[in-house]
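Here is the structure we will look at, set down as structure tokens.
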Amino acid sequence: MKLTPRLALLLTLPPLLWAGNAVVGRLVRDAIPPLTLNFLRWLLALALLAPFTLPLLRRPRELLSRWHGLAWLGFLGMGCFNALQYLALHTSSPLTVTLITASMPVWMLAVGAVGYGVRPRPRQLAGAGLSLAGVALVIARGEPAALLAVHFVPGDLLMLLAIFTWAVYSWMLARPGPGLRPGERPDWNWAEALMAQLVYGTAFSGLAAGAERLVAPADIHWSPALLAALAYVAVGPSLVAYRCWGRGVAEAGPATAAFFVNLTPLFAALISAVMLGTAPAWYHAAAFVLIATGIVVSSR
């Protein structure tokens, strides 16, 4: 695998869009329940993608015959990861959530080693160390002693669980199980492959939203801002990001792709800074250098 500018762009867009997703999720936390937000996000994404996948939707047997693998992908990548993230944002800040996301390389290497027998290479471990050092620099705001004052809340634990589900999801994309092996997979284009996951992921998200409505009913406060937020999370972090991530994982592999996730907290810090009207600090640039170096080292 060679890290070309095209491949680097494919793997950089998802962290940028997911950083925006974390900020938006935090902004609308009082306007819409988290699991309902997740369901409406995927329902809207499914509606937007449907016109481009009508041939597949007219052949439901293809989806039903491969329900086992597709259901797992939809459950982990759409039903669990995003729902847990929106839940986490009720008690954690966008920056904290995305910083926890920076542990992705460790989880990805662990899932690969335990579940798929892929042992991490020394360069990958070195890259993980450099990337995490960059993340720590952002957490500490350039002052290492500040790390001792970091406190974790329940949302942080939810985000750790979300990262684990995403690691398993990514490995399943790269190493499909029964019913989704490359030799058995139909000739779907990217939109059809994503729609196949969306059908099951939206169903799981809908069940979760229904349970949320029964257990903790809350009203949705509709507004132009909420509609804009729904449009963003349905298009950017969903359709565009998942398309780029799926393609990037297929070309680079889950372990290398995971290092790009470490860009998410940096992007989240920059987006939050812009929205708050404050300029980025020197340690944001230093963190970017460390994270980028970790990506280059791990991908060689």
Side-chain angles (χ1 to χ4, degrees), residues 13-45 73-108 111 135 138-139 152-170 173 197-198 201-202 204-209 211-212 216 218 226 229-242 244-246 257-258 260-269 271-272 275:
L13 278 176
L16 175 60
L17 294 169
W18 290 333
N21 180 54
V23 174
V24 169
R26 179 74 172 185
L27 289 174
V28 300
R29 62 174 179 161
D30 295 327
I32 185 172
L35 299 185
T36 301
L37 171 61
N38 189 51
F39 171 59
L40 292 180
R41 165 189 179 173
W42 292 117
L43 185 64
L44 181 56
L73 288 174
F75 175 71
L76 293 170
M78 298 159 188
C80 286
F81 175 73
N82 295 281
L84 289 169
Q85 183 183 45
Y86 289 140
L87 283 169
L89 285 167
H90 273 246
T91 52
S92 298
S93 68
L95 182 56
T96 300
V97 163
T98 53
L99 286 169
I100 293 173
T101 306
S103 64
M104 175 69 74
V106 177
W107 288 102
M108 201 74 81
V111 170
V135 172
V138 175
I139 296 177
F152 293 96
V153 297
D156 302 339
L157 300 178
L158 290 173
M159 199 59 210
L160 282 173
L161 181 58
I163 293 304
F164 172 73
T165 64
W166 187 258
V168 177
Y169 167 79
S170 297
L173 284 178
Q197 300 175 49
L198 267 175
T202 305
F204 284 121
S205 301
L207 291 174
E212 178 185 56
L226 178 57
L230 283 172
Y232 171 75
V233 298
V235 176
S238 301
L239 297 180
V240 177
Y242 273 66
C244 293
W245 182 257
F260 282 82
V261 178
N262 280 357
L263 293 170
T264 308
L266 179 63
F267 289 143
I271 293 172
S272 298
M275 295 185 69

*Between OG1 on residue T264 and CG on residue L17, distance to nearest 0.5 Å*: 10.0 Å
*Verify, without hydrogens or angle tests, whether T36 (side chain) and I32 (backbone) share a donor-acceptor contact under 3.5 angstrom.*
no
*What's the spacing between L76 CG and N82 CG if we round to 0.5 Å?*
11.5 Å
*Decide yes or no for S170 and W245: does some side-chain heavy atom of the first lie under 4.5 Å from some side-chain heavy atom of the second?*
yes
*Of the non-hydrogen atoms in G79 and N38, which two are nearest, and what is the gap between them?*
O-ND2, 4.0 Å
*Please name the pair of heavy atoms, one in C244 and one in P14, separated by the smallest distance, quoted to 0.1 Å.*
CB-CG, 3.8 Å
*How would you list, by chain and number, every residue that makes a side-chain hydrogen bond (donor to acceptor under 3.5 Å, both in side chains) with Y86, sequence neighbours excluded?*
N21, R41
_Close side-chain approach of L230 to L37, heavy-atom, < 4.5 Å_ = yes
*asked:* I'd like to check the side chain to side chain contact (heavy atoms under 4.5 Å, CB included) partners of A88; sequence neighbours left out, ordered by chain and number.
replied: V97, L158, M159
_Please find the pair of heavy atoms, one from L16 and one from Y232, that lie closest to each other, and give the distance._
O-OH, 4.4 Å
*E212 side chain to L35 main-chain N or O, any donor-acceptor pair under 3.5 Å?*
yes
*Are any non-hydrogen side-chain atoms of V111 and F164 less than 4.5 angstrom apart?*
yes
*asked:* Just checking F267: does its CZ atom have more than 12 heavy atoms from other residues, nucleotides or ligands closer to it than 6.0 angstrom?
replied: yes
*asked:* Can you confirm whether more than 12 heavy atoms, excluding those of F204, are under 6.0 Å from its CZ atom?
replied: yes
*T91 side chain to G155 main-chain N or O, any donor-acceptor pair under 3.5 Å?*
yes
*Side chain W107, main chain I163, donor-acceptor under 3.5 Å*: no
_Contact check, side chains of P34 and R29, non-hydrogen atoms, under 4.5 Å_ = no
*Examine distances only and state if a side-chain atom of T165 and a backbone atom of A162 form a donor-acceptor pair shorter than 3.5 Å.*
yes
*Gap separating the CG atom of L207 from the CZ atom of F75, nearest 0.5 angstrom*: 10.5 Å
*With sequence neighbours excluded, tell me which residues meet ring-ring contact (aromatic ring centres under 6.0 Å, His included) with W42.*
Y242
*For the side chain of Y169 and the backbone of F81, is there at least one donor-acceptor N/O pair under 3.5 Å apart?*
no
*Taking the side chain as every heavy atom from C-beta outward, state whether M78 and T202 have any atom pair closer than 4.5 Å.*
no
